[in-house]
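Here the structure comes first, spelled out in structure tokens, and everything after it is commentary.
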Amino acid sequence: MIKIHFPDGAEREYAEGVSAMDIAKSISEGLARKVLAASVNGVVWDASRPINSDVSLKLLTWDDTDGKSTFWHSSAHLMAEAVESMFPGVKFWVGPALDKGFYYDMDLGDKKLTEDDLLQLEKKMNELSKQQNVYVRKEISKNEAVSYFQEKGDQYKLDLLQNLADGEITFLHSGKFHGSLPWSTYSTYRFNKAIKLTSISGAYWKGDEKNKMLTRVYGVTFPSNKELEEYLVMLEEAKKRDHRKLGKELSIFTMDDDVGPGLPLWLPNGTIIIEELEKLAKETEQAAGYKRVVTPHIAKESMYLTSGHLPYYADSMYPPMELDGTKYYLKAMNCPHHHKIFAAEPKSYKDLPLRLAEYGTCYRYEQSGELFGLMRVRCLHMNDAHIYCTKEQFYQEFKAVNDMYLKYFKIFGIDKYVMRLSLHDPAKLGKKYVDEPELWKETEALVRDVLIRTNTPFVEVQDEAAFYGPKIDVQIWSAIGREFTLATNQVDFAQGRRFKLEYTNQENKPDTPLIIHRAPLGTHERFIGFLLEHYAGKFPLWLAPIQVKVLPISDKFLPYAQTISQELKNADIRAEVDDRNEKIGKKIRDTELLRVPYMLVVGEKEMNEGKVAIRRQGKGDTGTATIADFVSSAKSEIKERRAE
RNA sequence: GCCACUUUAGCUCAGCUGGUAGAGCAACUGAUUUGUAAUCAGUAGGUCGUUGGUUCGAUUCCGACAAGUGGCUCCA
């Protein structure tokens with residue numbers, strides 16, 4: 001007999017060789033129907049795998065993250081089995097579970113999958129899951145596995161085997177599909193009731209663009225059709241708040257073939273948002289002791305050789321233009337220009353920290369396939385600043401920048417983000433990162449220290465640093481789930497020396513400052529793209545391009561409506577009159593769809609009383625007020641940048 | 001840049017297997033003068049992304065290019 005410990009502290013005895021499924025059945029049939037896998041001493045196990053010693057056990061269901069990922073991992077294998085039966089000779093790479101669903105990478109030779117193939121594959125998967133095949137789990141030696149896949153000529157599985165040792169290799173046999181290495185869990189096949197293969201794409205083998213491109217099929221499955229339906233509805237909802245769709249509906253920006261890919265044109269409505277954001281940034285930076293500068297959009301090649309950008313960054317820059325034998329580049333970043341401003345006049349320790357700020361316009365030649373609405377563009381306006389400070393001042397300065405992030409996030413109600421400490425990869429020193437191993441260690445420790453001392457939750461990620469130093473990135477997700485860096489706070493220990501930036505320290509000796517690059521509001525492009533989705537187009541009053549729309553009940557009240565509109569404009573409120581010859585219901589509907597925060601409905605009653613009927617977007621009629629009262633409450637809502 | 005797909009009126013989309021195009025909304029005109037999410041009628045609007053080819057004939061079939069979309073790689 002063996003002892004099984006349960007999460008609630010209970011302990012029960014079972015015969016040796018009992019499976020998690022047997023245990024579930026012994027508790028209740030209902031539970032057994034829900035069990036997808038088991039966590040055995042913290043490791044995810046197939047529910048049918050025999051347990052031969054005392055363990056602590058947690059039965060995993062759809063409600064557990066590990067249960068879901070086990071489910072999706074097995075769906076990936078179910079799909080592989082369907083693919084193999086339809087396209088014999090296919091070779092598989094890996095098929096992991098995702099946050100939502102799964103994919104499988106495969107080499108289909110010359111075969112190209114079509115949308116129709118996906119439907120056929122779904123059908124096949126449904127058939128297979130209904131067959132309720134029994135899968136036999138068998139541990140085999142590395143030699144056996146290698147010779148098996150050598151015979152098959154499957155270089156992908158052989159590659160996977162390289163990193164595994166005897167005792168780690170498991171085969172699962174079912175029908176014709178053989179396949180997989182250790183982590184597979186097949187006991188959940190029978191739960192695959194709602195299957196949707198979502199897309200076909202290419203993916204480089206091992207994620208390296210020098211390697212062959214494999215075919216990747218994405219899919220998602222659910223234990224019931226109801227959940228699949230709900231998921232599809234959710235996807236539709238997400239599409240409605242896609243910034244590309246909202247940007248068009250609300251006349252925020254447009255793209256034009258003649259201007260070029262990734263070069264957005266900001267329409268008047270979008271420009272209002274830009275100006276409001278800049279106003280906020282300038283106020284905030286002014287209060288935090290920043291000084292504003294302005295720099296040209298181009299610079300000579302020599303400056304980017306000095307900065308060290310060219311060897312690391314040339315591929316992401318527009319090709320240079322040559323004038324009188326000198327190459328000029330469009331700037332992809334503002335830092336070198338700012339460094340030149342630092343260098344323009346001699347500096348003493350008394351001048352530090354020096355904080356230079358600019359909403360700089362940069363151009364980056366992003367690969368065509370990477371462009372994405374406003375989120376990834378080739379012309380960007382950066383909320384940039386560079387802080388030159390001593391090592392002693394670093395903690396305080398870096399922390400002040402972090403505090404500024406948090407202040408902004410509060411204003412915008414941004415709470416779904418992850419702070420990411422982005423570190424270098426020692427293997428890429430001299431290639432992707434400046435070759436200063438000691439300085440990397442030192443500055444990475446400095447940054448981590450700030451995060452820890454300020455109790456900021458964060459994750460650490462290798463190989464995401466800037467070439468000149470580690471950074472803290474704020475990661476967010478677009479409506480359709482793509483991840484982006486919204487804001488960034490970076491340390492630079494390299495460029496100061498490259499530009500020979502110096503200040504005279506208290507011992508009257510030259511010293512090189514540390515540099516902080518920071519962009520709490522990221523770029524206008526990405527930030528506004530993000531805000532469109534974050535607010536679903538319903539901007540708070542201070543940001544709304546049209547703040548108030550005056551809606552006369554009929555033409556008879558148009559003069560009164562125009563008087564009100566003028567009073568609002570006099571009070572610096574962005575107001576318009578709907579002077580169309582339409583019924584009030586139509587005017588309200590159209591204004592609601594434009595997400596204008598306030599609608600002032602005026603008819604005979606309001607005109608006689610000198611009042612307005614206030615309607616708040618999304619909330620309906622909220623009563624009447626005098627014009628003066630409305631103006632003063634709207635003005636304070638704007639001034640305080642209230643969320644609502 | 002790579003893999004796959006898409007491109008028809010300002011917007012959203014029809015247009016079966018090749019015989020030069022249609023709807024709704026928006027726009028414009030007129031009627032209506034309206035009380036909290038779509039009043040009615042009429043008018044105008046398209047070398048069917050661009051460009052080669054196949055064909056008596058191409059929006060429709062094939063190729064190239066461009067832009068976009070879903071991914072990969074990459075990034076604020």
Side-chain angles (χ1 to χ4, degrees), chain A residues 103 105 108 112-115 118 198-218 242 244-245 248-249 251 254-262 313 315-316 332-333 360 362 364-377 380-384 422 464 466 471 473-476 480-488 490 517-527 529-530 551-558 580-593 599-606 613-615 617-622:
Chain A
Y103 68 77
D105 282 351
L108 284 158
K112 282 174 184 169
L113 284 184
T114 64
E115 299 284 324
L118 288 193
T198 47
S199 69
I200 313 163
S201 73
Y204 298 109
W205 183 44
K206 293 186 174 182
D208 188 333
E209 61 183 325
K210 289 185 205 77
N211 285 342
K212 178 170 179 171
M213 185 157 265
L214 303 177
T215 303
R216 173 174 296 182
V217 177
Y218 284 88
D242 189 312
R244 292 166 295 186
K245 187 172 159 66
K248 189 178 277 180
E249 284 171 7
S251 302
T254 189
M255 299 281 194
D256 188 288
D257 279 4
D258 270 343
V259 178
Y313 218 86
D315 286 350
S316 300
M333 62 293 295
C362 299
R364 296 185 179 177
Y365 192 76
E366 306 288 357
Q367 295 190 53
S368 58
E370 286 153 3
L371 301 174
F372 178 71
L374 284 179
M375 299 297 231
R376 192 76 183 275
V377 292
L380 40 106
H381 298 80
M382 215 189 297
N383 172 226
D384 213 356
S422 299
E464 290 287 350
K471 53 181 182 164
D473 294 320
V474 178
Q475 300 303 108
I476 51 100
I480 61 164
R482 206 177 291 186
E483 181 176 350
F484 288 97
T485 301
L486 186 66
T488 187
Q490 317 178 341
H517 302 234
R518 42 110 281 178
L521 297 177
T523 64
H524 282 321
E525 287 72 15
R526 191 170 287 178
F527 203 76
F530 167 79
L551 312 179
I553 295 287
S554 80
D555 282 359
K556 279 194 269 177
F557 313 105
L558 197 51
R580 295 174 306 165
N581 182 0
E582 293 287 353
K583 291 171 78 169
I584 191 66
K586 169 75 163 167
K587 291 178 188 174
I588 286 171
R589 178 184 157 79
D590 289 347
T591 313
E592 285 277 348
L593 290 174
M599 283 154 266
L600 301 182
V601 178
V602 293
E604 184 150 23
K605 221 169 65 195
E606 289 77 15
I614 303 166
R615 187 187 162 97
Q617 201 274 341
K619 293 225 169 69
D621 196 344
T622 59

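In what follows, chains carry the letters A, B, and so on, assigned in the order in which the sequence lines appear, proteins first and then strands, with residues in each chain numbered from 1.
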- request: Would you state whether a donor and an acceptor, one from the side chain of A:Glu582 and one from the base of B:U34, lie under 3.5 Å apart?
  value: no
- prompt: Is any side-chain N or O of A:Lys619 closer than 4.0 Å to OP1 or OP2 of B:U36?
  reply: no
query: NA contact type, A:Met382, heavy-atom cut-off 4.0 Å: base, sugar-phosphate, or nothing?
result: nothing
message: Looking at the base of B:C75, is there any donor atom on it, or on the side chain of A:Arg482, that sits under 3.5 Å from an acceptor on the other one?
response: no
- prompt: What nucleotide, of B:U34, B:A4, B:A67, holds the atom closest to the side chain of A:Ser554?
  reply: B:U34
- request: Just compare B:A37, B:G70, B:C11 and give me whichever is closest to any side-chain atom of A:Lys248.
  value: B:C11
- request: Anything below 3.5 Å on both distances counts as a pair; with that, list the stems of at least three consecutive Watson-Crick or G-U pairs involving RNA chain B.
  value: B:1-7 with B:66-72, B:10-13 with B:22-25, B:27-31 with B:39-43, B:49-53 with B:61-65
Contact under 4.0 Å: A:Arg580 side-chain N or O vs B:U34 OP1/OP2: no
- prompt: Would you say B:U33 has OP1 or OP2 under 4.0 Å from some side-chain N or O of A:Lys556?
  reply: no
message: Counting only side-chain nitrogens and oxygens, does A:Tyr218 get under 4.0 Å of the OP1 or OP2 atom of B:C72?
response: yes
field: N/O (side chain, A:Lys605) to phosphate O (OP1/OP2, B:G35) under 4.0 Å
entry: no
field: Presence of A:Arg244 side-chain N/O under 4.0 Å of B:U69 phosphate oxygens OP1/OP2
entry: yes
task: Measure the distance from CE on A:Met255 to P on B:G68 and round it to the nearest whole Å.
output: 7 Å
- prompt: Relative to A:Phe372, does A:Arg482 satisfy both conditions: NZ or CZ under 6.0 angstrom from the six-membered ring centre, and within 45 degrees of the ring's axis?
  reply: yes
- prompt: Between atom CG in A:Asp256 and atom P in B:G49, what is the gap in whole Å?
  reply: 17 Å
message: On the side chain of A:Glu592, is there an atom forming a donor-acceptor pair with the base of B:A38 - under 3.5 Å, no angle test?
response: no
task: Please state the C1' separation for the pair B:A44 and B:A27 - nearest whole angstrom.
output: 9 Å
message: Please confirm whether the shortest side-chain N or O distance from A:Lys212 to OP1 or OP2 of B:U73 is below 4.0 Å.
response: no
- prompt: Can you tell which of B:G1, B:G35, B:U34 lies closest to the side chain of A:Lys583?
  reply: B:U34
- prompt: If only side-chain N and O atoms of A:Thr485 are considered, is one of them under 4.0 Å from the OP1 or OP2 phosphate oxygen of B:C75?
  reply: no
